[in-house]
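First the proteins, then the strands, lettered A, B, ... as listed; each starts at 1. The figures here come from the full heavy-atom set of this structure, side chains too, leaving out hydrogens, waters and symmetry mates.
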Amino acid sequence: MLRSVRVSGRRFYSLKFENEVLEFANRKATVKSNHSWYYPPLSQLRSLEPMRIPAFRSKFDQFHWPQSKRVDEECCLEGRIHSIRKSGKGMVFMDLVQDNSKVQLVLMNKMIGCSKDEFGEYVDLFRKGDNVVAIGFPGVTNVGELSLKLTQQLKMASPILHPLPPKLTDLEKRHHNKVVDYLVNSRSRDLIMARSMILQTIRKFFEARDFIEVETPILSVNSNGANATPFVTHSKHIKSGDDPIPLQLRVAPELWLKRLVIGGFDKVFEVSRVFRNEGIDATHNPEFTTVEFYQSFTTLEQLMELTEGLLLEISQRMQSMDITIVRAKELLQQSSIGFKKLEFIPEIEKATGLPFPQEVTESSLLEYFDKISLPRPSIASVPQLLDKLSSTYLEPQCVEPTFIYHQPSQMSPLSKATTLEYTNGSYEVSRRFELFIQGNEFVNAYEEENSPIEQARKFALQQQEKNIHHDEETPLPDTKYVDSMEYGLPPTGGWGMGIDRLCVFLSNEQRIEEVLTFGTLPDVVRQ
RNA sequence: GAGAGUAUUGUUUAAUGGUAAAACAUCUGUCUUUUAAGCAGUCUAUAGUGGUUCGAUUCCACUUAUUCUCACCA
């Protein structure tokens, strides 16, 4: 057990735990048998009001120090030890970190008031990585480094039981132990901070425009709003007879948000985690975050302006971080002059050199595929064929931020359509755009279909296609949503952006797990 | 769902059909102004099973773990 001794009126803990070996490898046992010393209640350690380290720095960084190079008024600082540098038996330097800010501690046996031997043994109780409370005088060292010169023994607040690796780069080890990754790799921490800053900017943008932030259901009977396989679960309390009704996790919040617009909330947005039971790769995780907003009486053109405005603000804000400054600068320039625009059908014609089929049907599109020698996708439905055209001819053109707009209406059953004249005739196109950057989709937005009659018709068409092509991912129509529409969805602009990809892009990373706090689903499962 | 790779100490990297090397970390010293410090010393490893071989960490097979790519998708 720990002996406590009195030295010149003050009580000190001395020195070695009896019969304990102070090796890191055995530290857990030592800690276990001296538990109350290693994990005391915080209030017991604070004999005066503590300062956060950033506040301490801002108070003393520009301080005009007296001859003695210190101020004889005790301060209390708390944080984690990042470095220990011994310099002789009676003197030790440590770096203490809190709130991403660092300050040096100077420990000297004379100032603390104990013998060198006592001092040395006491200091040996501390390891790089321990959380501690330090009390002492603010001051500077001979070379001018701001420090806290301890007047009392350092106090243990919570120890680390394993030595931190000096480096951790192996992907497997990093993502399967994110705690250590964050302690070791500052970039891993910075990526999470950048994400926070991006989300803050988005919230500020919408708040400044009088949007309200809402939260809509994640669990429901029929997940809708995107083509994707849902995760299925059930509730103990939602049953049909004795059988639980299967519930789905949302694949998109879209239909709930539009119901809110019908209900009179004219400007809503949601930062929403969505769930899709699909493959995992560098740019896909089964759960991911989108921001969606809906604003009544808003056109496609207004949606484009809002998109440029939001990305402008994000790019301005993200100049303040080292890891995002390069991308943010590019984006700032591009969003202030406005993004390039590609209109779907004319651009396909330009790229293929052939006029678009007059009828947008499966057979005419397949014929078109043959003419341009494009291999057919595995599911040869009209939406899939059109999507293939886009990913082959349009999306690769979108290295710089680019809007692709006026997609044929068959691609988006929830979007409002209009008839437009092109060289080869007139077409039903969606009042829709997608924003692509470096060939990746970032934003999907459209004027919402607001006729319950049209919506019911498009849902029916979608089901026909689904049955013909056995496309399991097409959701069942949400007839209750169509019922809600009968109360009058105003002409509404709806918009969604993937946050994970935005973070990956701005931080110039290649993989989605880098911007997820605990990696992708396989990483999460292992932690 | 299909394919390609990887596995050496706590970490990050070497090398080799015959004694596995280094840096950092750990541990032991040392230093009263250090800057994730210096100096001296110490400790720790070939994923598992089988095969070829006088001898396998190295070659082969299987297993396990894991990474990546493609497909689906945002």
Using a cut-off of less than 4.0 Å, is there contact between a side-chain N or O of A:His176 and OP1 or OP2 of B:U67?
yes
So what does A:Glu145 hit on the nucleic acid, given a heavy-atom distance under 4.0 Å: a base, only sugar-phosphate, or nothing?
base
If I pick the C1' atom on B:U53 and the same atom on B:U44, what distance separates them, to the nearest angstrom?
30 Å
First encountered from the 5' end of RNA chain B, between A:Met91 and A:Val184:
A:Met91
Using a distance-only criterion (donor-acceptor N/O pair, under 3.5 Å, no hydrogens), is the base of B:U34 paired with the side chain of A:Gln104?
yes
Rounded P spacing from B:U63 to B:A2 in Å:
14 Å
A:Lys173 side chain N/O closer than 4.0 Å to the phosphate oxygens (OP1, OP2) of B:U12?
yes
Quick check for you: among B:U32, B:C68, B:U34, whose closest atom lies nearest to any side-chain atom of A:Lys116?
B:U32
As a test of reading the structure: which of B:U32, B:A74, B:U34 is closest to the side chain of A:Asn109, going by heavy atoms?
B:U32
Please determine whether a side-chain nitrogen or oxygen atom of A:Lys110 lies at a distance below 4.0 Å from atom OP1 or OP2 of B:U32.
no
With rounding to whole Å, what would you report as the distance between B:U9 and B:A45 at their P atoms?
9 Å
A:Arg127 side chain N/O closer than 4.0 Å to the phosphate oxygens (OP1, OP2) of B:C27?
yes
If you assign each of A:Ile84 and A:Lys149 to its closest nucleotide in RNA chain B, which residue comes earlier from the 5' end?
A:Lys149
Does B:U66 have OP1 or OP2 under 4.0 Å away from a side-chain N or O of A:Arg526?
yes
Identify the two heavy atoms, one from A:Leu107 and one from A:Phe119, that lie closest to each other, and give their separation to 0.1 Å.
O-CZ, 3.4 Å
In whole Å, what is the span from the CD1 atom of A:Ile280 to the P atom of B:A2?
16 Å
A:Arg511 side chain N/O closer than 4.0 Å to the phosphate oxygens (OP1, OP2) of B:U69?
yes
Any salt bridge linking A:Glu434 with A:Arg432? Criterion: basic side-chain nitrogen under 4.0 Å from a carboxylate oxygen.
yes
Spacing of the C1' atoms in B:A22 and B:G18 (rounded, Å):
22 Å
Which residues satisfy the ring-ring contact (aromatic ring centres under 6.0 Å, His included) test with A:Phe436, sequence neighbours excluded?
none
Would you call A:Phe288 stacked on B:A74, i.e. ring centres under 5.5 Å apart with the planes less than 30° off parallel?
yes
Stem finding on RNA chain B, please: runs of three or more consecutive Watson-Crick or G-U wobble pairs, both distances under 3.5 Å, sorted by first number.
B:1-7 with B:64-70, B:10-13 with B:21-24, B:27-30 with B:38-41, B:47-51 with B:59-63
Closest approach to the side chain of A:Arg501, judged atom by atom: which nucleotide of B:A36, B:A74, B:C68 is it?
B:A74
Just checking, any donor-acceptor pair under 3.5 angstrom between side chains of A:Asp523 and A:Thr520?
yes
For the side chain of A:Asp170, counting heavy atoms from C-beta on, which of B:U12, B:U35, B:U32 is nearest?
B:U12
What distance, rounded to whole Å, do you find between the two P atoms, one in B:A7 and one in B:A61?
15 Å
Please enumerate all residues that pass ring-ring contact (aromatic ring centres under 6.0 Å, His included) together with A:Phe339, with sequence neighbours excluded.
A:Phe403
For the pair A:Trp256 and A:Arg250, evaluate side-chain contact (heavy atoms from CB on, under 4.5 Å) and give the outcome as yes or no after the intermediate values.
CA-CA 10 Å; A:Trp256 296 111; A:Arg250 66 178 172 200; 5.7 Å; no
Testing B:U11, B:A37, B:U26 for proximity to the side chain of A:Pro165, the answer is B:U11
Salt bridge check: are A:Glu400 and A:Lys340 linked by an N-O gap of less than 4.0 Å?
no
Write down the distance separating the C1' atoms in B:U58 and B:U46, rounded off to the nearest Å.
9 Å
Whether the side chain of A:Asp471 and the base of B:C72 hold a donor-acceptor pair under 3.5 Å is what I'd like checked.
no
NZ/NE/NH1/NH2 to OD/OE distance under 4.0 Å, A:Asp181 and A:Lys178:
yes
Measure the acute angle between the ring planes of A:Phe63 and A:Phe60, then classify it against the limits of 30° and 60° as parallel, tilted or perpendicular.
perpendicular
A:Thr283 near the nucleic acid: base, sugar-phosphate alone, or nothing, with a heavy-atom cut-off under 4.0 Å?
base
Minimum heavy-atom separation for A:Gly90 and A:Lys116, please, with both atom names.
CA-CG, 4.1 Å
Sorted by first residue and then second, give each side-chain hydrogen bond (donor to acceptor under 3.5 Å, both in side chains) pair with at least one member in residues 56-71 of chain A; sequence neighbours left out.
A:Arg57-A:Asp61, A:Arg70-A:Asp72
Inter- and intrachain pairs under side-chain hydrogen bond (donor to acceptor under 3.5 Å, both in side chains), touching residues 154-166 of chain A, at least two apart:
A:Gln152-A:Lys155
Give the nucleotide from the list B:U12, B:U34, B:A37 with an atom nearest to the side chain of A:Leu168.
B:U12
Inter-nucleotide C1' distance (B:A56, B:G17), Å rounded:
6 Å
Taking atom C1' in both B:C70 and B:U13, what distance in whole Å separates the two?
31 Å
Residues within residues 399-416 of chain A bordering RNA chain B, heavy-atom distance below 4.0 Å
none
Using the side-chain heavy atoms of A:Val143, tell me which of these nucleotides is nearest: B:C72, B:U34, B:U30.
B:U34
Nearest to the A:Glu172 side chain among B:A74, B:U66, B:C68, which nucleotide is it?
B:U66
Do A:Thr141 and B:U34 share a donor-acceptor pair, side chain to base, under 3.5 Å?
yes
